[in-house]
Amino acid sequence: MHDPTGFVIDDELAVLPLARRGIKVDTVPWDRPGVDWRQYALVVVRSTWDYPQHPQRFLGVLEGIERLGVRLENGSEIACWNMHKTYLRDLAARGIEIVPMFWREGLAAGELVPLFEALRSPEGVIKPVVGANAQGAWRLDAGRARALAPEIEAFFAQRPLMMQPFERGIVEEGEFSMMYLNGVHSHSILKAPKAGDFRVQEEHGSTIRLVEPEPALLAAGNAAIAAIGQRLLYARVDLVRSGDAFRLMELELVEPSLYLRIDPGAADRFADAVAALLA
């Protein structure tokens with residue numbers, strides 16, 4: 001990402017642990033022209049958080065790296081699948097409990113309020129199928145759906161979207177993020193939004209703390225990882241408590257923040273995971 005202003009990025013915490021394992025790191029913006037990717041034994045996709053503005057170009061870069069015979073983690077095929085939130089439908093078909101949702105290819109004038117009413121929920125969230133960092137996400141009740149309809153319908157006029165009931169657990173407790181490295185659980189955090197907000201990203205003022213996952217949470221995270229069907233260098237599973245169970249909110253496989261600074265051993269575990277791939 002060319003301009004990281006306003007974002008919290010801690011990938012650099014892994015550079016020294018990687019160096020201790022004999023691995024040199026270059027940080028390269030994904031859209032820098034003229035890069036000779038063949039000089040690298042491994043290219044790791046990290047904080048490419050501007051890709052939703054250029055998704056096809058981004059995928060083209062990833063596919064180009066692989067065509068050169070360079071190992072890419074996570075690979076372009078899994079990135080293409082995960083970039084579109086319709087992957088949640090695939091996971092639901094594989095037995096993973098997700099938050100119920102509607103999918104639409106876009107919104108015409110007058111369509112938002114009927115769609116919200118079809119949720120049969122006092123509150124809902126609408127967001128793009130391709131997006132990151134809660135960009136283009138609105139939390140709605142009936143009044144806000146009517147008041148914001150022109151703005152939201154214009155935003156989604158030619159943009160695929162998803163709408164789901166708002167999970168009260170997000171504001172009552174927070175969202176759990178579980179980090180996995182080479183398919184093994186590394187560390188977990190709880191992100192709680194600031195008062196009056198629903199967005200759990202730290203850029204929006206949330207609080208974050210390290211947690212030890214309870215058995216049901218760990219089981220839900222492990223099930224989501226198993227449902228991917230392949231072992232990946234990194235993955236982040238975002239879940240919310242719903243009664244006695246946990247529902248999957250997002251499965252982040254393209255460029256998730258791994259919150260290396262939150263767990264003192266996380267950067268070393270990430271370095272071990274990379275070293276294992278290169279061994």
Side-chain angles (χ1 to χ4, degrees), residues 1-4 7 9 11 14 18 23-94 96 103 105 127-133 135-136 159-160 162 177-184 186 224-238 248 250-258 260 270-271 273-279:
M1 188 164 69
H2 273 304
D3 184 9
F7 293 93
I9 300 173
D11 295 334
L18 284 163
I23 301 168
K24 181 179 180 292
V25 175
D26 289 339
T27 301
V28 183
W30 68 267
D31 55 354
R32 177 181 290 172
V35 177
D36 182 9
W37 298 105
R38 290 169 294 189
Q39 66 183 298
Y40 300 110
L42 172 68
V43 175
V44 179
V45 183
R46 287 306 308 127
S47 304
T48 55
W49 295 336
D50 52 356
Y51 85 79
Q53 286 76 52
H54 315 279
Q56 293 310 310
R57 185 177 166 204
F58 176 66
L59 271 179
V61 171
L62 301 188
E63 291 166 353
I65 292 170
E66 290 176 325
R67 280 197 299 272
L68 293 171
V70 178
R71 182 162 188 171
L72 178 73
E73 292 287 340
N74 292 329
S76 66
E77 185 177 349
I78 202 77
C80 182
W81 177 69
N82 190 233
M83 280 168 57
H84 297 81
K85 290 186 173 63
T86 48
Y87 74 83
L88 289 165
R89 288 189 295 201
D90 297 337
L91 292 175
R94 298 170 194 173
I96 302 303
W103 309 87
E105 288 303 308
K127 52 190 172 182
V129 166
V130 178
N133 202 42
Q135 295 171 353
R159 186 179 276 124
M162 54 194 282
S177 284
M178 308 179 69
M179 272 53 73
Y180 286 77
L181 300 173
N182 284 344
V184 178
S186 169
I225 292 297
I228 298 169
Q230 58 182 285
R231 195 160 112 167
L232 302 173
L233 171 60
Y234 57 79
R236 196 183 82 205
V237 185
D238 294 339
L248 180 69
E250 297 270 7
L251 182 60
E252 299 279 9
L253 309 178
V254 181
E255 35 54 88
S257 173
L258 297 175
L260 301 180
F270 180 81
V274 172
L277 291 184
L278 293 173

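Separation of atoms OG1 (Thr48) and NE2 (His54) is listed at 12.0 Å; rounding is to 0.5 Å. To the nearest 0.5 angstrom, Arg67 atom CZ is 12.0 Å from Leu72 atom CG. Here the straight-line distance linking atom CZ of Arg46 with atom CD1 of Ile9 works out to 9.5 Å at 0.5 Å rounding. Interatomic distance, CG of Asn82 versus CD of Glu255, reported as 8.0 Å (0.5 Å rounding). Of the inter-residue distances, the one linking Arg231 atom CZ with Leu181 atom CG reads 10.5 Å to the nearest 0.5 angstrom.
The closest side-chain donor-acceptor pair between Glu250 and Tyr87 falls under 3.5 angstrom.
Not a single donor-acceptor pair under 3.5 Å links the side chain of Trp37 to the backbone N or O of Leu62. Proximity of a side-chain donor or acceptor of Tyr234 to a complementary backbone N or O of Val254 within less than 3.5 Å is detected. No donor-acceptor pair closer than 3.5 Å links the side chain of Arg236 to the backbone N or O of Leu258.
Looking at heavy atoms from C-beta onward, Arg71 lies in side-chain contact with Leu277 at the 4.5 angstrom threshold. Counting heavy atoms from C-beta on, the side chains of Ser186 and Phe270 never come closer than 4.5 Å. Inter-residue side-chain proximity for Pro128 and His84 is flagged as unmet; no heavy-atom pair is nearer than 4.5 Å. Counting heavy atoms from C-beta outward, Val61 and Asp31 have side chains that stay 4.5 Å or more apart.
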From CA spacing to verdict: side-chain contact (heavy atoms from CB on, under 4.5 Å), Trp81, Leu253 | CA-CA 9 Å; Trp81 177 69; Leu253 309 178; 3.8 Å; yes
Given Tyr40 and Ile65, is the side-chain contact (heavy atoms from CB on, under 4.5 Å) satisfied, shown in steps?
-> CA-CA 10 Å; Tyr40 300 110; Ile65 292 170; over 6 Å; no
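Annotation for Asn74 and Leu233: closest pair OD1-N, 3.3 Å, computed over non-hydrogen atoms. What you find for Ala271 and Leu18 is that their closest heavy atoms are CA-CD2, 3.7 Å. Of all non-hydrogen atoms in Asn182 and Ala273, the two that sit nearest each other are ND2-O, 3.2 Å. Across all non-hydrogen atoms, the minimal contact from Met83 to Pro55 is CE-CB, 3.5 Å. Contact record, Met162 with Lys85: SD-CD, 3.2 Å, taken as the closest heavy-atom pair. In plain terms, the two heavy atoms of Phe58 and Trp30 that are nearest each other are CA-CZ3, 3.5 Å.
Between Leu251 and the choices Leu88, Ile96, Ile228, the side chain to side chain contact (heavy atoms under 4.5 Å, CB included) rule is met once, by Ile228.
The environment of CD in Glu105 is sparse: at most 12 heavy-atom neighbours from other residues, nucleotides or ligands sit within 6.0 Å. Environment of CZ in Arg94: crowded, with over 12 heavy atoms of neighbouring residues, nucleotides or ligands closer than 6.0 Å. Counting non-hydrogen atoms of neighbouring residues, nucleotides and ligands closer than 6.0 angstrom, the CD atom of Gln53 exceeds 12 such neighbours.
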